[in-house]
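Scroll down for the structure; my scribbles are underneath it.
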Amino acid sequence: MRRCFRVLVPPEPLQHAGRRVVVRFSTAGFDLPDWFRNPKDVVPSSSGLDAEEDDDDFVLPIKSDVSDERSSDKGSGGSSPLTIRAGCPVSACSHEDAEFEADVDEVSRILRSRFASPEAIVIAMDCCPVRVSARLVDKILCRFGNDWVAAFGFFMWAGTQEGYCHCADSYDMMVDILGKFKQFDLMFGLISQMHEVGGLVSLTTITKVMRRLCRASRWSDAIDVFHKMDRFGVVKDTKAMNVLLDALCKERSVKRARGAFRELMGTIPPDESSFNTLVHGWCKAGMLKEARETMAEMEKNGFSPSVITYTSLIEAYCMEKDFQTVHNILDEMHRKGCSPNIITYTILMHALGKAGRTQEALNTFAKVKQDGCVPDASFYNSLIYILGRAGRLQDAIFVVKEMRRTGIPPNLTTFNTLISAACDHSQAENALKLLVKMEEQSCKPDIKTYTPLLKLCCRRQWVKTLLFLICHMFRKDITPDFSTYTLLVSWLCRNGRIVQSCLFLEEMVLKGFAPKQETFDLVLNKLDNTKLHSAKRKVELLKMQVAPTRSPVRSYLGESGFV
DNA sequence: TGAAGTTTAA
């Protein structure tokens, strides 16, 4: 592990064989290097550890002239070749924008170095000559949202800068990042601060807190926060109660949601959403008897089940592949004058497709038209997914054209679905072309765009392409999240790239993620068969470092006024 | 990022 953590640091300037490389990662388009088009020619596919040494360094190849070049796409589904344009127009940038981008880069450069604590960052940031603004804070928090130490260190430093005060939105973002990493003591401290500086705590803040606590399986703490939120000037009304119920239901605790609901409904009047939230919770948990009971209770309280209620029920039967009951419910809906909508049909079509009943799924399309429903982007995306899964990529492309024809432009999910389908069918080049096409159409990628590509690179052992993609992601403010790291570590490990696997594992821990024990064990088992003794010791140390510790939230609740 | 639906993970 001599070259730790190089992988996520885009080298600037990019050097290759003594020449400055012209390839740049821009926000509006990028050059596709030669080896990117045909990675297997560049990266040896041998799985021996010796071969890894060559790939350990991230060096971009010399820029090749790919502009206007048309490529032949062997084995593709036949989509038309794409023209790749070099560079992007920069004339639109104002002087102020350029200054802002420079400030973002400067802060990012500092934050990318490893720091042991947020306090160390505050010290390192001292005299950093950037102009702090809400826009800058927003951008940095977004970019470092998966690195709470960096984000919080910067946030604390920014808060001390003259002429600047954090706004409620920035506080809320920071609260959410701390909650995501289970830094609940710091999170509650921040909330106290928000309250003291001028009543900045809102239902938005409390929502983030309750959702993060529930996600960390601290359901009763979330309920506690709800009970005490009025101390921060946030009203405990129906809307707030519904957020609590939803957070509990979505995070595997529908029974606690029912308990909280029964306790609260005496003082807070429930509405239709309250009941629908619970019905959905039961349905997702596969507890159909309880779902029906809640529906009955709903009617007793004067609310008739709506299309939302029935759709939840239909989804539950779809999960059980009980399509006969689904059709009975659809009939019942029609009888009661509660027509299914496009969401209902999307659920049904998707379930049929996933169950391998492709033709029946496609027949749903006819039913939709017959019913006078108007397909929307999600419906089309689901259709594209089903076709992609069935290997009918040409048909999927046809659906995209159909979307455009009906005035619905393909969105992020459309592209993600297409990229994923292309990767699944080993059409790497088509997948990469789609990535370029997205940028051309100003469709901002997200982590899900890259996941199938990263997975394909791991499977094929295209380490350089993998690292290129990770740098590309970074420039777009997308950093690997917990699951992406887990994927990278395990896939690289399984595919004979143990050194890179260890690098990502270490990087993951340093970013504050706690890898699962299975992930450690997978890597350690693999290391047993190698001579990488120091790497093994390091991984064992990391494993001990993240051994589960659970600190009591209640004391934090007390300190921050939540008691 | 959520009162119902669409993308990844063995």
Side-chain angles (χ1 to χ4, degrees), chain A residues 145 172-173 176 179-180 204 207-208 210-212 214-215 238-239 241-251 257 270-281 283-284 291 294 298 303 305-316 318 340-351 353-354 364 373 375-389 396 399 403 408 410-424 434 445-456 458-459 481-491 494 516 518-519 522:
Chain A
D172 285 346
M173 267 177 103
D176 197 48
K180 180 158 74 177
T204 311
T207 299
K208 291 182 193 302
M210 293 193 298
R211 290 199 189 281
R212 289 303 181 189
C214 286
R215 191 155 299 177
T238 305
K239 195 176 166 198
M241 177 180 74
N242 291 348
V243 171
L244 173 70
L245 298 180
D246 190 55
L248 291 166
C249 284
K250 294 245 165 74
E251 302 302 338
D271 63 5
E272 199 190 312
S273 309
S274 319
F275 288 103
N276 280 334
T277 303
L278 285 170
V279 170
H280 183 235
C283 286
K284 280 283 185 188
T294 303
M298 185 176 182
F303 302 102
S306 67
V307 61
I308 296 178
T309 329
Y310 282 116
T311 300
S312 292
L313 207 58
I314 283 177
E315 190 180 19
C318 279
N341 61 20
I342 194 65
I343 298 178
T344 321
Y345 284 122
T346 306
I347 289 168
L348 175 58
M349 178 177 70
H350 201 74
K354 276 207 157 165
T364 313
C373 276
D376 62 4
S378 296
F379 180 85
Y380 281 122
N381 289 340
S382 183
L383 193 56
I384 290 167
Y385 172 78
I386 291 164
L387 291 166
R389 237 171 86 104
V399 173
M403 280 176 87
I408 301 166
N411 62 18
L412 175 61
T413 307
T414 317
F415 278 109
N416 288 357
T417 310
L418 288 167
I419 288 174
S420 168
C423 287
D424 277 348
L434 283 160
D446 70 357
I447 188 69
K448 293 181 182 78
T449 314
Y450 291 94
T451 309
L453 290 162
L454 296 175
K455 194 179 123 189
L456 187 69
C458 292
R459 207 163 56 208
D481 56 11
F482 177 84
S483 44
T484 311
Y485 271 121
T486 306
L487 183 103
L488 286 167
V489 171
S490 51
W491 274 85
R494 287 203 186 95
K516 288 186 206 150
E518 302 101 88
T519 312
L522 183 77

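It should be emphasised that the depicted structure is a prediction, and the values quoted were computed from it without experimental measurement. In what follows, every heavy atom counts, from backbone to side chain, and hydrogens, waters and symmetry copies are set aside.
- Comparing atom distances between the A:Thr413 side chain and each of B:dT1, B:dT7, B:dG5 picks out B:dT7 as nearest.
- Among the atoms of the strands shown, only primed sugar atoms or phosphate atoms (P, OP1, OP2) are found under 4.0 Å from some heavy atom of A:Ile347.
- Checked against B:dG5, B:dT6, B:dA3, the side chain of A:Ile342 finds its nearest nucleotide in B:dG5.
- If you check every strand for non-hydrogen atoms under 4.0 Å, A:Arg494 touches nothing.
- Taking only distance into account, the side chain of A:Ser378 meets the base of B:dT6 through a donor-acceptor pair shorter than 3.5 Å.
- Using a 4.0 Å heavy-atom cutoff across all strands shown, A:Thr277 reaches sugar-phosphate atoms only and no base atom.
- No engagement by A:Asp271 is indicated, since no non-hydrogen atom pair under 4.0 Å with the nucleic acid exists.
- With sequence neighbours left out, the side-chain hydrogen bond (donor to acceptor under 3.5 Å, both in side chains) criterion links A:Asp376 to no other residue.
- Scanning atom types as modelled, no donor and acceptor separated by under 3.5 angstrom connect the side chain of A:Arg215 and the base of B:dT1.
- On the P atoms, B:dA9 is 24 Å away from B:dA4, given to the nearest whole Å.
- A donor-acceptor contact under 3.5 Å is formed by the side chain of A:Asp376 with the base of B:dG5.
- At B:dA9, one or more side-chain N or O atoms of A:Lys455 fall inside 4.0 Å of OP1 or OP2 (strictly under the cut-off).
- With 3.5 Å as the limit, one finds no donor-acceptor pair spanning the side chains of A:Ser378 and A:Asn381.
- A gap of 24 Å separates the P atoms of B:dG5 and B:dA10, to the nearest Å.
- Among the atoms of the strands shown, base atoms are found under 4.0 Å from some heavy atom of A:Phe379.
- If you check B:dA10, B:dT1, B:dA4 against the side chain of A:Trp491, the one that comes closest is B:dA10.
- Remark: A:Asn276 engages A:Glu272, A:Met298, A:Ser306, A:Ile308, A:Thr309 in a side chain to side chain contact (heavy atoms under 4.5 Å, CB included) (not counting sequence neighbours).
- A donor-acceptor pair under 3.5 Å links the side-chain atoms of A:Arg389 to the main chain of A:Lys354, judged by distance alone.
- In this structure, the side chains of A:Asn416 and A:Asp446 come closer than 4.5 Å at one or more pairs of heavy atoms.
- If you check every strand for non-hydrogen atoms under 4.0 Å, A:Thr417 touches sugar and phosphate atoms only.
- Scanning atom types as modelled, one donor and one acceptor separated by under 3.5 angstrom connect the side chain of A:Asn341 and the base of B:dA4.
- Proximity of A:Lys284 to the phosphate of B:dG5: a side-chain N or O atom is located under 4.0 Å from OP1 or OP2.
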